[in-house]
Amino acid sequence: MLGLLLILALAINAQNSEKENINKVLDDWHLAASNADFDSYFSKMTADGVFIGTDATENWQNAAFKEFSKPYFDKGKAWSFTAVERNIYMNKAEDFAWFDELLDTQMKLCRGSGVMKKENGQWKIAHYVLSIAVPNDNVAELIKIKKEKDSLLLLQLKKK
């Protein structure tokens with residue numbers, strides 16, 4: 001029984017350690033954007049990473065996201081996100097994780113979520129989704145603001 005408890009404690013400790021590593025990567029990733037450190041920012045993403053932005057048209061594959069982002073980083077100020085809450089989940093092999101985070105940003109509260117995978121012993125962001133958090137009481141007002149542009153975009157998308 002004692003051996004089983006020891007194994008369980010070691011497994012929990014290992015998973016907590018992996019979650020700490022993931023937290024560090026995500027915090028460092030956000031910090032790199034705040035510091036306009038392009039190389040550090042993109043080193044934390046997989047080569048085939050995807051970034052989904054807040055605009056309906058923003059589905060960035062890694063190379064396109066780099067191209068879009070570079071001018072912001074070159075100006076010395078990209079964006080500033082600070083996690084105020086984060087949940088991390090992992091598979092049993094501890095080489096794949098998914099997370100969600102509530103962020104303090106220049107857009108006020110946002111939600112980030114994503115997928116990470118371990119590559120060569122290091123956690124990398126493979127997919128990230130950024131959403132603006134809208135209070136339920138304000139959704140009707142937001143729909144009115146978005147209605148025209150969303151309607152035009154939907155027409156374009158349905159033609160494809």
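In this chain, residues are counted from 1 in sequence order.
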(message) Determine whether Glu58 and Phe51 satisfy the following criterion, side chain to side chain contact (heavy atoms under 4.5 Å, CB included), listing intermediate values before the conclusion.
(response) CA-CA 8 Å; Glu58 292 180 318; Phe51 187 98; 5.9 Å; no

(request) Tell me whether Leu142 is reachable from Ile132 by hopping between hydrophobic residues (I, L, V, M, F, W, Y) whose side-chain heavy atoms are closer than 4.5 Å. (result) yes

(request) Answer yes or no: is there a side-chain heavy-atom contact under 4.5 Å between Phe96 and Met116? (result) no

(request) Just jot down the side chain to side chain contact (heavy atoms under 4.5 Å, CB included) partners of Ala32, sequence neighbours excluded, or say none. (result) Asp37, Ser40, Tyr41

Under 3.5 Å, which donor-acceptor pairs link side chains of residues 68-84 to any protein atom two or more places apart or in another chain?
from: Ser69; atom 1: OG; to: Phe65; atom 2: O; distance (Å): 2.7
from: Lys70; atom 1: NZ; to: Asp74; atom 2: OD1; distance (Å): 2.8
from: Ser80; atom 1: OG; to: Ser34; atom 2: OG; distance (Å): 3.2

(message) Assigning hydrophobic clusters by single linkage (Ile, Leu, Val, Met, Phe, Trp, Tyr; side-chain heavy-atom cutoff under 4.5 Å), is Phe38 placed with Trp60?
(response) yes

(request) Measure the CD-CD1 distance between Glu20 and Ile22 for me, rounded to the nearest 0.5 Å. (result) 10.5 Å

(request) Determine, using the 4.5 Å side-chain heavy-atom cutoff (strictly less than), whether Met107 and Leu103 are members of one ILVMFWY cluster. (result) yes

(message) Just to verify, what does Asn35 make a side chain to side chain contact (heavy atoms under 4.5 Å, CB included) with, not counting sequence neighbours?
(response) Leu31

(request) Carefully, step by step, assess Val50 and Asn62 under the rule side chain to side chain contact (heavy atoms under 4.5 Å, CB included). (result) CA-CA 6 Å; Val50 176; Asn62 195 306; over 6 Å; no

(message) Ala93: which residues meet the side chain to side chain contact (heavy atoms under 4.5 Å, CB included) condition with it, sequence neighbours left out?
(response) Asn91, Asp95

(request) Supply the atom-to-atom distance Met45 CE to Lys66 NZ, rounded to the nearest 0.5 angstrom. (result) 9.0 Å

(request) Working to the nearest 0.5 Å, report the span between OG1 of Thr105 and CG of Leu102. (result) 9.5 Å

Donor-acceptor contacts, no H, no angles, side chain residues 147-160, under 3.5 Å, sequence neighbours left out:
from: Asp150; atom 1: OD2; to: Lys146; atom 2: NZ; distance (Å): 2.7
from: Ser151; atom 1: OG; to: Lys147; atom 2: O; distance (Å): 2.8

(request) Mind checking the NZ-CG spacing from Lys44 to Asp39? Nearest 0.5 Å is all I need. (result) 10.0 Å

(message) Using the rule that Ile, Leu, Val, Met, Phe, Trp and Tyr join whenever any side-chain heavy atoms are under 4.5 Å apart, tell me whether Ile88 and Trp29 fall into a single cluster.
(response) yes

Report, one line per pair, each donor and acceptor closer than 3.5 Å where one atom sits in a side chain of residues 122-130; sequence neighbours left out.
from: Trp123; atom 1: NE1; to: Glu18; atom 2: OE1; distance (Å): 2.6
from: Lys124; atom 1: NZ; to: Ser43; atom 2: O; distance (Å): 2.5
from: Tyr128; atom 1: OH; to: Glu101; atom 2: OE2; distance (Å): 2.7

(message) With a 4.5 Å cut-off on side-chain heavy atoms, are Arg86 and Asp100 touching?
(response) no

(message) Can a side-chain donor-acceptor contact be found between Asn87 and Glu85 if the only test is distance below 3.5 angstrom?
(response) no

(message) Within the supplied structure, the quantity of interest is the number of heavy atoms (other residues, nucleotides, ligands) at a distance under 6.0 Å from Gln106 CD; does it exceed 12?
(response) yes

(request) Please tell me if the side chains of Ile143 and Val139 come closer than 4.5 Å, counting only heavy atoms from C-beta onward. (result) yes

